[in-house]
Protein chains: 2
Amino acid sequence: MYDVIQLLKEKELKATPQRISVLKELGRKTHPTMDDLYEALKRENPSMSLATVYKNIATLKEKGVVIEVNVADGKMRYDVYSRPHIHLVCQGCGAIEDIDCDESLYQYQACLEEKRNIKIERMDIIASVEFCSLCQKEH
Amino acid sequence: MYDVIQLLKEKELKATPQRISVLKELGRKTHPTMDDLYEALKRENPSMSLATVYKNIATLKEKGVVIEVNVADGKMRYDVYSRPHIHLVCQGCGAIEDIDCDESLYQYQACLEEKRNIKIERMDIIASVEFCSLCQKEH
DNA sequence: CTATTTGCAAACCCTTTGCAAAAAT
DNA sequence: ATTTTTGCAAAGGGTTTGCAAATAG
C-alpha cells in the first residue's frame, strides 16, 4: 500500500481528509465505479459529497495518479495507475480484472508502437463468460 | 458491402427506410458516434428522429449485427460486426481504427480463453500519439 | 389486420459546474 | 493570508422511454 500523504505531497495536492479517503478507498477496491466509491466513502464520512469525489478523481487523473476505464456499460471505473497491464473486462457486468502482460504481448505492443509511432497506454480485453470469475455470477 | 435488405430479412427485422439507411450509413463510416450517424441520416431524411436511430442501434445490437465501443470519452461508437479484430483507439480524440489480429495475438487470445474459460469478444488498445494518424490532428 | 416501428417530448442517469463557506498550507 | 477544496444545488450531455400515429409484412 502506497503512502497516501507522501503521494499527495509529491503531487503538490492538499491533503484533505476527503482526498485521503478517496485515495485509500481506491487502493482497497479494484476498479470501483463512482457509485461504489461514493457509497463506501459516505459510510465512513456521511457529509462526503458526490461532487467532491468527482473533483478529486479529476485532480488525481490530471496528476497521473488515477486512470479511468470506460468499458462495457455507461459507467466509468477508476484505477490507481501502477504499471502497464491489461484489463480483462466481463461483458456481462463490466467487472474488471488486471492481468500482467506476458512476453509475447510485450513484443506485440512494442512492435505496434514502433510501427505506428504511438505510445500504448492500456489494453482492454472484453470477454463473455458463462460463469464470471470476475463478478462471481452467471451471465 | 453487405446486402442490407437480405441482412434484415435474415434477422427477421422489418425493412423500414430508416433502418435501411442506418445500416447503410454504418457501412459507410468507420466507428461513428451517434451524432455522426444522426447528422448524416438527417441530411438524407430530415424527418429522421434521434430516438429512431437509438432504437435501431439497440435492435441491431440485440441481433448481433452491431457492436458498441465505449472508450476514451463519454461517447459510444458503433461498428458493424464482421470478424474478430482489434480496435486501436486514439486517447486524444477517441478515433478508432480496426487492426487485424496477427498470429501471436491469436495465440495469446486462444491461450487466455482456454485458461479462463472465457470467449474474447474484442480487444481495445488505447494509445496516445503525437500526431494522430486516426484523426489527423496533434494532441 | 397485426405487430412493429416511428417521432416527439419528457424522463433518466451520470457527470460537470458555479458559488459561497470552510479548510489547508 | 492566500489558495485550494468542499458541499450544495443547478445545469449539462448522452441515452432511454412512453405513447399515439404511421407503416411493414
Side-chain angles (χ1 to χ4, degrees), chain A residues 4-25 31-39 41-63 65-78 93-94, chain B residues 4-25 31-39 41-63 65-78 93-94:
Chain A
V4 168
I5 305 285
Q6 175 59 26
L7 179 58
L8 290 175
K9 195 162 284 172
E10 277 168 24
K11 300 294 178 180
E12 297 180 310
L13 293 173
K14 292 189 174 178
T16 65
Q18 291 90 338
R19 185 166 286 153
I20 292 167
S21 47
V22 166
L23 266 177
K24 285 194 174 159
E25 192 59 32
H31 311 285
T33 61
M34 178 53 64
D35 217 54
D36 295 336
L37 271 179
Y38 179 50
E39 288 306 319
L41 292 167
K42 230 181 7 185
R43 241 171 276 134
E44 114 190 0
N45 169 13
S47 74
M48 171 75 78
S49 155
L50 179 57
T52 297
V53 189
Y54 272 109
K55 285 170 183 168
N56 273 311
I57 290 285
T59 307
L60 293 167
K61 221 167 39 173
E62 279 165 28
K63 297 285 184 179
V65 178
V66 166
I67 62 175
E68 277 182 345
V69 186
N70 184 11
V71 276
D73 54 5
K75 289 179 192 157
M76 290 289 183
R77 283 151 203 272
Y78 304 95
C93 64
Chain B
V4 168
I5 305 287
Q6 176 58 27
L7 179 59
L8 290 175
K9 195 163 283 169
E10 278 167 24
K11 299 294 178 179
E12 298 180 309
L13 294 173
K14 293 191 175 178
T16 66
Q18 292 89 339
R19 185 167 285 156
I20 292 167
S21 47
V22 166
L23 266 177
K24 286 194 174 161
E25 191 59 33
H31 312 285
T33 61
M34 179 52 64
D35 216 55
D36 294 337
L37 272 180
Y38 179 51
E39 288 306 320
L41 293 166
K42 229 179 11 181
R43 242 171 274 134
E44 116 191 357
N45 168 11
S47 74
M48 171 74 79
S49 155
L50 179 58
T52 296
V53 189
Y54 271 109
K55 284 170 183 168
N56 274 311
I57 290 285
T59 308
L60 293 167
K61 221 168 39 173
E62 279 165 26
K63 296 286 183 177
V65 179
V66 165
I67 62 175
E68 276 182 347
V69 185
N70 184 10
V71 274
D73 55 7
K75 289 179 192 159
M76 291 289 182
R77 284 153 203 269
Y78 304 97
C93 63

What is the distance, to the nearest angstrom, from the CD atom on B/E12 to the C1' atom on C/dT2?
16 Å
Could you check how far CG of B/L8 sits from P of C/dT5, rounded to whole Å?
10 Å
What nucleotide, of D/dG25, C/dT17, C/dT6, holds the atom closest to the side chain of B/A15?
D/dG25
Considering heavy-atom distances to DNA chain D, does B/P17 or B/M34 have its closest nucleotide positioned more toward the 5' end?
B/M34
Need one value for A/D35: base, sugar-phosphate or nothing, where a base atom within 4.0 Å counts as base even if backbone is also close, heavy atoms only.
nothing
Rounded interatomic separation in angstrom, taking CD1 from B/I57 and P from C/dT5
14 Å
Toward the 5' end of DNA chain D, which comes first, B/K14 or A/Q18, by nearest nucleotide?
A/Q18
Which part of the nucleic acid does A/A58 contact within heavy-atom distance under 4.0 Å: base, sugar-phosphate only, or nothing?
nothing
Considering only heavy atoms and no angle criterion, is a donor-acceptor pair shorter than 3.5 Å present between the side chain of A/K42 and the base of D/dG7?
no
B/L50 CG to C/dA10 P, straight-line distance once rounded to whole Å
15 Å
With heavy atoms under 4.0 Å as the rule, sort B/S47 into base, sugar-phosphate or nothing.
sugar-phosphate
Starting at atom CG of B/L41, determine the distance to atom P of C/dT6, rounded to an integer number of angstrom.
12 Å
For the residue pair A/A15 and A/I20, what are the closest heavy atoms and their distance?
O-CD1, 3.7 Å
Rounded interatomic separation in angstrom, taking NZ from B/K11 and P from C/dT4:
18 Å
Are B/Y54 and D/dT15 close enough that a side-chain N or O sits under 4.0 Å from OP1 or OP2?
yes
Between B/N56 and C/dT6, is there a contact of a side-chain N or O with OP1 or OP2 at under 4.0 Å?
yes
Side chain proximity check, A/V65 to A/L23, heavy atoms < 4.5 angstrom:
yes
Rounded to whole angstroms, how far apart are CG on B/N45 and P on C/dT5?
17 Å
Between the side chains of B/D36 and B/T33, does any donor sit under 3.5 Å from an acceptor?
yes
Which nucleotide in D/dC8, D/dT15, C/dG7 has an atom nearest any side-chain atom of A/A51
D/dC8
4.5 Å side-chain heavy-atom contact, A/I57 and A/M76:
no
Exceeds 12 heavy-atom contacts within 6.0 angstrom, atom CD of A/E12
no
So what does A/K75 touch, heavy atoms closer than 4.0 Å: a base, only the sugar-phosphate, or nothing?
sugar-phosphate
Could you tell me the separation between the NZ atom of B/K55 and the C1' atom of D/dA24, rounded to a whole number of Å?
17 Å
Under-4.0 Å side-chain N/O to phosphate OP1/OP2 contact, A/T16 with D/dT6:
yes
Could you tell me whether the side chain of A/T16 reaches within less than 4.5 Å of the side chain of A/T52, counting heavy atoms only?
no
Which nucleotide, C/dT6, D/dG25, D/dT5, lies nearest any side-chain atom of A/R19?
D/dT5
